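Some notes on the structure that comes next.
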There are 2 protein chains.
Amino acid sequence: MRDGLNIKWPEGLKRTKARECVLSVLKDSNRPLSAMEIFEEIEGRGHTIWLSTVYRVLDAFEEKGLVIKTSLLNNELTLYDLKATGHRHYAVCVECHKIVTMTNCPMKDFKPSFKDDEIEVIGHKVEVYGYCKDCR
Amino acid sequence: MRDGLNIKWPEGLKRTKARECVLSVLKDSNRPLSAMEIFEEIEGRGHTIWLSTVYRVLDAFEEKGLVIKTSLLNNELTLYDLKATGHRHYAVCVECHKIVTMTNCPMKDFKPSFKDDEIEVIGHKVEVYGYCKDCR
DNA sequence: TTTTAATTGCAACTGATTCGCAACTACATC
DNA sequence: GATGTAGTTGCGAATCAGTTGCAATTAAAA
């Protein structure tokens, strides 16, 4: 559960039960979730939804900038989180796949330089992997 | 084509035609390649190979530490490169998917801090995205 | 209340990757 | 050089996360 997120319903999206459910699950989670986890949480709360609908809702939310999609561990994990939680990076335990939020960002004050072209940078992704307390 | 890579044949792997082909294609490329690109390049050179074999060879090479597998753009791209080219990161053009090598690393001299756990860091991945010269 | 475009339920599909297994081959041994 | 055999590959079938098509449903504008 997280409070203090100021989330406005994205313009142009109808307020449907499926979308409310997905948004609510994301709000209540303190970590990014996979589509399957979101699906199971919604079912667990006694609602009915289809996994394909979860994907479609997440796509729509991502397009509206409400949600960020992140893949970790070379595609083993694809996770979704509210953008309102702010710019952040994650560390993944290679053993148990626990996700730990990083509280700083290496790209702050860093200027990438390139070899054969000059890239106009619009974003970046940082992923740290290692062992969590329980797994080492 | 790249010279100066000191690559020794990994211990415990038989020297087969399929593996020689894959290794040679990786050596000759100046950028990371997808399994499909490697497959097509081998076919283009007049050899025969199966895509599943390419995957198996790449897996074996990765396990032996000869090759590094990297996924970019949330799984849109999965690429393989020789580890001998050294520690490096890539920038991807979100438009044309051109891959540009970064010549520096933001994680050098950076100490990540974590929120709910202490991760023993064993590695990291950095991905920069933006627009290349041709696409902006 | 009516209208209608957006959304969902549902099932079938896709594309990248993996798997199973028989046939083959590199290479150690005779 | 011939032989044995564990490791490898050819080949196709299977898998699996995610996507798509379409008819039925629904939010919300009129």
Side-chain angles (χ1 to χ4, degrees), chain A residues 8-26 32-43 45-64 66-81 92 97 99, chain B residues 8-26 32-43 45-64 66-81 92 97 99:
Chain A
K8 37 213 153 298
W9 192 266
E11 192 135 342
L13 291 190
K14 282 184 186 174
R15 196 178 273 272
T16 65
K17 187 163 154 269
R19 288 175 179 159
E20 306 253 23
C21 282
V22 170
L23 182 58
S24 145
V25 166
L26 286 172
L33 300 172
S34 69
M36 183 56 83
E37 285 174 319
I38 294 167
F39 167 76
E40 284 167 352
E41 176 63 24
I42 291 173
E43 296 268 299
R45 290 179 183 188
H47 297 102
T48 301
I49 197 170
W50 278 74
L51 188 52
S52 54
T53 301
V54 172
Y55 280 112
R56 278 192 279 219
V57 168
L58 289 169
D59 282 354
F61 282 174
E62 196 193 8
E63 194 170 338
K64 294 293 179 181
L66 193 66
V67 153
I68 292 194
K69 177 181 178 181
T70 311
S71 307
L72 300 175
L73 288 177
N74 280 337
N75 308 1
E76 270 183 69
L77 258 38
T78 299
L79 305 176
Y80 299 84
D81 202 358
V92 194
H97 289 188
I99 308 292
Chain B
K8 37 217 152 299
W9 192 265
E11 193 136 341
L13 291 190
K14 282 186 184 171
R15 195 177 275 272
T16 65
K17 188 164 153 268
R19 288 173 179 161
E20 306 255 20
C21 282
V22 171
L23 182 58
S24 146
V25 167
L26 286 172
L33 299 172
S34 69
M36 182 57 83
E37 285 174 321
I38 293 168
F39 167 76
E40 284 167 353
E41 175 63 25
I42 291 172
E43 295 269 299
R45 290 179 183 189
H47 297 103
T48 300
I49 196 170
W50 278 73
L51 188 52
S52 53
T53 301
V54 172
Y55 281 110
R56 277 192 283 220
V57 168
L58 289 169
D59 282 354
F61 282 173
E62 197 194 6
E63 195 170 337
K64 293 294 179 181
L66 192 67
V67 153
I68 293 196
K69 177 181 177 181
T70 310
S71 307
L72 299 175
L73 288 178
N74 281 337
N75 307 0
E76 272 183 67
L77 260 39
T78 299
L79 305 177
Y80 299 83
D81 203 358
V92 195
H97 290 185
I99 308 293

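Since the structure is predicted, the reported quantities are computational estimates derived from the model, not experimental observations. Residue numbers begin at 1 in each chain, while the letters A, B, ... track the order of the sequences.
Using a 4.0 Å heavy-atom distance criterion, A:Leu13 is classed as a sugar-phosphate-only contact.
Here D:dG7 presents its P atom at 19 Å from CD of B:Glu20, a figure rounded to the nearest Å. Distance OH (A:Tyr80) to P (D:dA17): 12 Å, rounded to an integer number of Å. At whole-Å resolution of the value, CG in A:Leu73 and P in C:dT17 are 16 Å apart. When rounded to the nearest whole Å, the span between OH of A:Tyr55 and P of C:dT8 equals 16 Å. Here C:dG15 presents its C1' atom at 14 Å from CZ of B:Phe39, a figure rounded to the nearest Å. For the pair A:Leu58 CG and C:dT7 P, the computed distance is 14 Å after rounding to whole Å. Atom CG in B:Leu77 sits about 16 Å away from atom P in C:dG15, given to the nearest Å. When rounded to the nearest whole Å, the span between CE of A:Met36 and P of D:dT19 equals 13 Å.
At least one donor-acceptor pair closer than 3.5 Å links the side chain of A:Arg19 to the backbone N or O of A:Lys14. Between the side chain of A:Asn74 and the main chain of B:Lys69, a donor-acceptor pair closer than 3.5 Å is present.
When the nearest nucleotides of DNA chain D are assigned to B:Ser52 and A:Lys69 by heavy-atom distance, the more 5′-ward of the two goes with B:Ser52. Comparing B:Trp9 and B:Asp59, the nucleotide of DNA chain C nearest to each residue sits closer to the 5' end for B:Asp59. Positionally, the nearest nucleotide of DNA chain C for A:Asn75 lies more toward the 5' end than for the other of B:Thr16 and A:Asn75.
Nearest nucleotide to the side chain of A:Arg19, out of C:dT18, C:dG9, C:dT7: C:dT7. Taking every side-chain heavy atom of B:Ile49 into account, D:dG10 is the closest of C:dT17, D:dG10, C:dG9. Relative to the side chain of B:Lys14, the nucleotides D:dT9, D:dA6, D:dC11 differ in distance, and D:dA6 lies closest.
Around CD of A:Glu20, the count of heavy atoms belonging to other residues, nucleotides or ligands within 6.0 Å exceeds 12.
Here A:Trp50 reaches the OP1 or OP2 of C:dC10: one of its side-chain N or O atoms lies under 4.0 Å away. For the pair B:Arg56 and C:dT18, the criterion of a side-chain N or O lying under 4.0 Å from OP1 or OP2 is not met.
Heavy atoms only, all atoms of each residue included: B:Leu79 and B:Ser34 are closest at CD2-N, 3.6 Å.
With hydrogens and angles ignored, no donor-acceptor pair under 3.5 angstrom links the side chain of B:Arg15 to the base of D:dG7.
B:Glu62 pairs by the salt bridge (Lys or Arg N to Asp or Glu O under 4.0 Å) definition with nothing, not counting sequence neighbours.
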